[in-house]
Amino acid sequence: MKKELTKAEEQIMQAIWKVEKGFAKDILAELDDPKPAYNTVLTVIRVLVQKGFVKFKTYGKSNEYYPTISKETYSLQRVQALKKRFFNNSNAQFLSFFMKENKLDLNDLNDMLLELNEDDND
């Protein structure tokens with residue numbers, strides 16, 4: 001599994017996932033206000049490249065960046081790590097906690113199951 005992202009790295013990765021492939025200015029444009037400085041974005045991107053989350057292709061003096069991991073894959077890895085760390089890797093404990101904390105009832109769970117079944121049938 002790749003390393004976990006810091007808050008700043010995750011913010012930049014969210015923008016990279018949105019643009020899918022882009023230059024630093026494109027990534028900066030996707031960030032919410034107040035935007036970090038351009039050089040800060042470049043520094044964080046450099047760290048993401050070192051960590052293996054991002055690769056780039058060079059065109060003259062400019063680099064076009066793209067993710068090496070999808071948002072869905074990263075999200076799944078983080079949820080699985082959370083489940084393992086806090087819920088003894090138990091789906092039942094994880095779901096029970098999620099339902100209690102979000103005040104979900106069995107009707108909500110049934111709706112989720114119906115939605116999952118619809119996804120499986122697509």
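Positions are given from 1, in the same order as the sequence printed here. Note that this is a predicted model, so its numbers are computed, not measured.
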Novice: Measuring from atom OH of Tyr59 to atom CD of Glu64, what distance do you get when rounded to the nearest 0.5 angstrom?
Specialist: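 It is 4.5 Å, given to the nearest 0.5 Å.
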Novice: Just verifying a value: how many Å separate Met13 CE and Lys51 NZ, rounded to the nearest 0.5 Å?
Specialist: 11.0 Å
Novice: Can you measure from CZ (Arg46) to CD1 (Ile12) and round to the nearest 0.5 angstrom?
Specialist: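 Those atoms lie 12.5 Å apart.
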Novice: Determine the minimum heavy-atom distance between Leu31 and Gln11, stating which atoms define it.
Specialist: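 For Leu31 versus Gln11, the nearest heavy atoms are CD2-O, 3.5 Å.
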Novice: Check Ile27 against Gly22 and note the closest heavy-atom contact, atom names and distance.
Specialist: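 Heavy-atom minimum between the residues: CD1-O, 4.0 Å.
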Novice: Can you tell me how far the CD1 atom of Ile69 sits from the OG atom of Ser75, to the nearest 0.5 Å?
Specialist: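 Result: 9.0 Å between the selected atoms.
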Novice: Given side chain to side chain contact (heavy atoms under 4.5 Å, CB included), test Lys55 with Val49 step by step and report yes or no.
Specialist: CA-CA 6 Å; Lys55 288 190 176 183; Val49 169; over 6 Å; no
Novice: For the residue pair Val44 and Ala8, what are the closest heavy atoms and their distance?
Specialist: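 Minimum heavy-atom contact is CG1-O, 4.0 Å.
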Novice: Given side chains that start at C-beta, do those of Leu109 and Leu104 come closer than 4.5 Å, heavy atoms only?
Specialist: no
Novice: Determine whether a donor-acceptor pair (N or O, by modelled atom type, separation under 3.5 Å) exists between the side chain of Gln50 and the backbone of Val47.
Specialist: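 Not at all, since once roles are kept as given, no pair shorter than 3.5 Å links the two residues.
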Novice: What closest approach, in Å, do Pro36 and Leu28 show between heavy atoms, and which atom pair accounts for it?
Specialist: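 Between these two residues, the closest heavy atoms are O-CD1, 3.4 Å.
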Novice: Counting N and O atoms only, with roles assigned by atom type, does the side chain of Asn102 sit under 3.5 Å from a partner on the main chain of Phe98, one being a donor and the other an acceptor?
Specialist: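 Between the backbone of Phe98 and the side chain of Asn102 there is a qualifying donor-acceptor contact (under 3.5 Å).
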Novice: Thr68 versus Val54: any side-chain heavy-atom pair under 4.5 Å?
Specialist: no
Novice: Quick one: do Tyr66 and Ile45 end up in the same hydrophobic cluster if we chain Ile, Leu, Val, Met, Phe, Trp and Tyr together by side-chain heavy atoms under 4.5 Å apart?
Specialist: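 Tyr66 and Ile45: separate clusters.
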Novice: Give every residue pair that meets the side-chain hydrogen bond (donor to acceptor under 3.5 Å, both in side chains) criterion with at least one member in residues 13-41, sequence neighbours excluded.
Specialist: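 Every pair satisfying side-chain hydrogen bond (donor to acceptor under 3.5 Å, both in side chains) with a residue in residues 13-41: Gln14-Lys71.
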Novice: Parallel, tilted or perpendicular for Phe53 and Tyr74, by the 30°/60° rule?
Specialist: perpendicular
Novice: What pair of heavy atoms forms the shortest contact from Phe87 to Leu82, and how long is it?
Specialist: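 Nearest heavy atoms, Phe87 then Leu82: CD1-O, 3.9 Å.
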Novice: Within this structure, what is the CD1-CD distance for the pair Ile16 and Glu9, rounded to the nearest 0.5 Å?
Specialist: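 Result: 10.5 Å between the selected atoms.
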Novice: Not counting sequence neighbours, which residues clear side-chain contact (heavy atoms from CB on, under 4.5 Å) with Asp105? List them please.
Specialist: Asn107, Asp108
Novice: Do Phe97 and Met99 land in one hydrophobic cluster if side-chain heavy atoms of ILVMFWY residues count as linked below 4.5 Å?
Specialist: no
Novice: Measure across Val41 and Ala24 and return the closest heavy-atom pair with its distance rounded to 0.1 Å.
Specialist: CG1-O, 4.5 Å
Novice: Less than 6.0 Å separating the ring centroids of Tyr65 and Phe23?
Specialist: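 No, the ring of Tyr65 stays outside the 6.0 Å limit from the ring of Phe23, centre to centre.
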Novice: Crowded around Leu113 CG? As in, over 12 foreign heavy atoms under 6.0 Å?
Specialist: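 It does: Leu113 CG has more than 12 such atoms within range.
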Novice: With a 3.5 Å cut-off and no angle check, do the side chains of Lys57 and Asn63 form a donor-acceptor pair?
Specialist: no
